[in-house]
Amino acid sequence: MTDWDAEGLCEGLDDDRARAARRRLLDELAEQGMGVDELRRVVAEDKLVLAPVARTLSSEARYTAREISEQAGIELEMFTASRRALGLPVPGDDERVYGEKDLEAARLGTAHRQAGFADEDALEVARVLGQGMARYAESTRALVARTFLEPGLDEYELAHRYRVVAEQLLPLAGPWLEHVFALHLQQVLRSDAVTQEQVRSGRLDDTQQAVVAFADLVGFTELGEQLPVEELGSVAGRLSHLAGEVLEPPVKLVKLIGDAVMLVAPEPEPMLECTLRLVELAERDADYPPLRAGVACGQAVHRWGDWFGTPVNLASRLTARARPSSVLVSAEVREAVGEGFAFSDAGRKKLKGFSAPVHAYRVRRVGSEGVPPTG
């Protein structure tokens, strides 16, 4: 057995119990094939406790990227491009760092290409997938750490607790993700349509009429100077919970951007109802910063899960000019809305990126009281 104390891998541990747990974990990992240099690296990087989980998730390094591409029937350039799109590291073409799981994934990618998608488009979808899965992985890591990290556990106990959880979660991940994907795809298809012009031209038009809203936390920057980073993250994270409470189809959450949310809908009425409810929900919480929001509509480009164009920019700029606990809308939104909402003139706003002042209006429900002053 290796003398881990002599190797300097037990330095900095205060008591015999901690050193014994470290030696036990190092012995186990060494028996599984990890060399001293690799163990020294994970100890130096404070990743020793995570090493058993990492080994559970990976497979033995057997292939180079060149060999993977040959066996999977995919061009080397496409294989590396796919990994970059997914946000994964891309070692040298002849580094032997890939395992059986990587080969299996490459073969799945080859089968996906046979469906006939253009490579450029497929890579864009892979980028969206990679970004989403990276956030999901980070969230899962935080969930496990919050649940199973507790005072008094030594490194060996904690490492094996993490490993057992990973082994329990992995078999569930595939079916669960497949189910959630199918539900979201169904929701997308319910609100989608293929026009006769698209059928005739054989081309999908990314441009469509949309109502876009942004809502952000008032004074979030100043709040960052007063609160610890962890509490500040909780404040921003609660915004996604509030949005989840008020969102109902056809309004969709496009993305979270720090201290703001972006929403989109095909019609203005459900968007205004949702945005007003979101602002009101935050206002009722005395311990939470107020929200402000902006809503605009018009032709926007919907591409790869995100939205671009004038209404997106206008909604963002209106949000920045709105008063706390209020919702500013463009003239186009005001003109498109039927009964149920009342508007007050908020004046013409000089907005960054717009050559002429934009006429803005504050919206409220008909019959509601306590309307904030015009801003």
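Numbering of residues begins at 1 and proceeds along the displayed sequence. Being a predicted model, the structure only gives us computed values, none of them experimental.
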Open item on the list: Can you confirm whether Val165 sits close enough to Leu169 that some side-chain heavy atom of one is under 4.5 Å from a side-chain heavy atom of the other?
Closed with: yes
TODO: Could you tell me whether the side chains of Tyr288 and Glu283 share a donor-acceptor contact shorter than 3.5 Å?
DONE: no
Open item on the list: If you compare all heavy atoms of Lys352 against all heavy atoms of Arg317, which two are closest, and at what distance to 0.1 Å?
Closed with: O-NE, 3.1 Å
Open item on the list: Using a 6.0 Å cut-off, check whether atom CZ of Arg135 has over 12 heavy atoms from anything other than its own residue.
Closed with: no
TODO: For the residue pair Leu26 and Leu48, establish whether any side-chain heavy-atom pair is separated by less than 4.5 Å.
DONE: yes
- [ ] Using atom types as modelled and distance alone, determine if a side-chain donor or acceptor of Glu157 lies under 3.5 Å from a backbone N or O of Asp154.
- [x] yes
Open item on the list: Salt bridge or not between Glu167 and Arg163? Use side-chain N to carboxylate O under 4.0 Å.
Closed with: yes
Open item on the list: Nearest 0.5 Å, please: how far is CG in Leu247 from CG in Leu253?
Closed with: 6.0 Å
Open item on the list: Same cluster or not: Val337 versus Val329, using hydrophobic residues (I, L, V, M, F, W, Y) connected whenever any side-chain heavy atoms lie under 4.5 Å apart?
Closed with: yes
Open item on the list: Keeping Thr319 on the side-chain end and Ala215 on the backbone end, is there a donor-acceptor pair under 3.5 Å?
Closed with: no
Task: Minimum-distance pair of heavy atoms, taken over all atoms of Leu39 and Ala30 - done: CD1-CB, 4.3 Å
Open item on the list: Against Val279, only a single residue in Ser325, Pro290, Ser326 fulfils side-chain contact (heavy atoms from CB on, under 4.5 Å); can you say which?
Closed with: Ser325
Open item on the list: Donor-acceptor check, side chain of Gln71 to backbone of Ile68, threshold 3.5 angstrom: yes or no?
Closed with: no
Open item on the list: If you define the side chain from C-beta out and look only at heavy atoms, does anything of His160 sit under 4.5 Å from Glu155?
Closed with: no
Open item on the list: Using a 3.5 Å distance criterion without hydrogens, assess whether the side chain of Thr56 forms a donor-acceptor pair with backbone atoms of Pro52.
Closed with: yes
Task: Under-4.0 Å salt bridge between Arg127 and Glu120 - done: no
Task: Co-membership, hydrophobic cluster, residues Leu278 and Val295, 4.5 Å side-chain - done: yes
TODO: Could you go through the side chain to side chain contact (heavy atoms under 4.5 Å, CB included) check for Asn313 and Phe308 one step at a time?
DONE: CA-CA 8 Å; Asn313 299 331; Phe308 309 90; over 6 Å; no
Open item on the list: Using every non-hydrogen atom in the two residues, find where Lys350 and Pro357 come nearest and quote the distance to one decimal.
Closed with: CG-CG, 4.3 Å
TODO: Assess whether side-chain hydrogen bond (donor to acceptor under 3.5 Å, both in side chains) is satisfied between Asp121 and Trp304, documenting all intermediate values.
DONE: CA-CA 9 Å; Asp121 292 348; Trp304 313 127; 5.4 Å; no
Task: Side-chain heavy-atom pair Leu217, Leu291 within 4.5 angstrom cut-off - done: yes
- [ ] State plainly whether one hydrophobic cluster holds both Phe181 and Leu177, where clusters connect Ile, Leu, Val, Met, Phe, Trp and Tyr through side-chain heavy atoms under 4.5 angstrom apart.
- [x] no
Task: Salt-bridge present (Arg24, Asp27; N to O < 4.0 Å) - done: no
Task: Any side-chain heavy-atom pair of Pro311 and Cys297 under 4.5 Å - done: no
TODO: Establish, yes or no, whether a centroid distance under 6.0 Å links the rings of Phe341 and Tyr361.
DONE: no
TODO: May I have the step-by-step check of side chain to side chain contact (heavy atoms under 4.5 Å, CB included) for Tyr63 and Leu103, ending in yes or no?
DONE: CA-CA 8 Å; Tyr63 305 106; Leu103 177 57; 3.9 Å; yes
Open item on the list: Regarding Gln209 and Gln299, do their side chains bring together a donor and an acceptor under 3.5 Å, going by distance alone?
Closed with: yes
Task: Ser316 side-chain N/O to Val312 backbone N/O, donor-acceptor pair under 3.5 Å - done: no
Open item on the list: With heavy-atom distances below 4.5 Å as the criterion, would you say the side chains of Glu11 and Val43 are in contact?
Closed with: no
Open item on the list: Take a 6.0 Å sphere around NE2 of His112 and say whether it holds more than 12 heavy atoms from other residues, nucleotides or ligands.
Closed with: no
- [ ] Looking only at non-hydrogen atoms, find the nearest pair between Val254 and Gly305 and report the distance.
- [x] CG1-O, 3.8 Å
Open item on the list: Rounded to the nearest 0.5 Å, what separates atom CZ in Arg364 from atom CZ in Arg362?
Closed with: 11.0 Å
Open item on the list: Check Glu67 with Arg62, please: is the shortest side-chain N to carboxylate O separation under 4.0 Å?
Closed with: no
TODO: Would you kindly confirm whether Met133 and Leu86 end up in one hydrophobic cluster when ILVMFWY residues are joined by side chain heavy atoms under 4.5 Å apart?
DONE: yes
- [ ] Find the distance between NE2 (His179) and CG (Leu172) and round it off to the nearest 0.5 Å.
- [x] 13.5 Å
Open item on the list: With rounding to the nearest 0.5 angstrom, report the OG1 to CZ distance, Thr80 to Arg83.
Closed with: 9.5 Å
Open item on the list: One thing to verify: whether Asp5 and Arg23 come together as a salt bridge, which I'm taking to mean a side-chain N less than 4.0 angstrom from a carboxylate O.
Closed with: yes
Task: Heavy-atom closest pair, residues Ala65 and Phe79 - done: CB-CE2, 3.9 Å
Task: Derivation of the salt bridge (Lys or Arg N to Asp or Glu O under 4.0 Å) call for Asp285 and Arg238 - done: CA-CA 11 Å; Asp285 190 340; Arg238 178 159 164 68; 3.4 Å; yes
TODO: Go through the steps for Glu138 and Arg141 under the test salt bridge (Lys or Arg N to Asp or Glu O under 4.0 Å), then give the verdict.
DONE: CA-CA 5 Å; Glu138 286 287 345; Arg141 179 199 63 80; 3.4 Å; yes
Open item on the list: Within this structure, what is the CG-CZ distance for the pair Leu9 and Arg19, rounded to the nearest 0.5 Å?
Closed with: 14.0 Å
Open item on the list: Looking at Arg303, I'd like to know if its CZ atom is crowded, meaning that more than 12 non-hydrogen atoms belonging to other residues, nucleotides or ligands lie closer than 6.0 Å.
Closed with: no
TODO: Of all the heavy-atom pairs spanning Val211 and Pro268, show the shortest one and how long it is.
DONE: CG2-N, 3.6 Å
Open item on the list: For a 4.5 angstrom cut-off between non-hydrogen side-chain atoms, does Ile74 reach Arg113?
Closed with: yes
Task: Leu281 reachable from Leu276 in the ILVMFWY side-chain graph, under 4.5 Å edges - done: yes
Task: Name of the residue among Arg17, Arg161, Glu28, Arg22 meeting side-chain hydrogen bond (donor to acceptor under 3.5 Å, both in side chains) with Tyr156 - done: Glu28
Open item on the list: Would Lys255 and Val261 count as a side chain to side chain contact (heavy atoms under 4.5 Å, CB included) here? Give the steps.
Closed with: CA-CA 6 Å; Lys255 56 186 174 182; Val261 292; over 6 Å; no
Task: Test item: Arg66 side-chain N/O and Leu76 main-chain N/O as donor-acceptor pair under 3.5 Å - done: no
Open item on the list: Keeping Arg334 on the side-chain end and Ala360 on the backbone end, is there a donor-acceptor pair under 3.5 Å?
Closed with: no
Task: Residue Glu339 excluded, over 12 heavy atoms near CD under 6.0 Å - done: no
Open item on the list: Donor-acceptor check, side chain of Lys101 to backbone of Leu57, threshold 3.5 angstrom: yes or no?
Closed with: yes
Open item on the list: A quick test of your reading: do over 12 heavy atoms of other residues, nucleotides or ligands sit less than 6.0 Å from CD of Glu150?
Closed with: yes
Open item on the list: One thing to verify: whether Lys47 and Glu45 come together as a salt bridge, which I'm taking to mean a side-chain N less than 4.0 angstrom from a carboxylate O.
Closed with: yes
Task: Trp4 CH2 to Arg40 CZ distance, which is reported to the nearest 0.5 Å - done: 9.0 Å
- [ ] Compare all side-chain heavy atoms of Met271 with those of Thr275 and state whether any distance is below 4.5 angstrom.
- [x] yes
Open item on the list: Quick test of your reading of the model: are Arg55 and Glu60 salt-bridged, counting only N-O distances below 4.0 Å?
Closed with: no
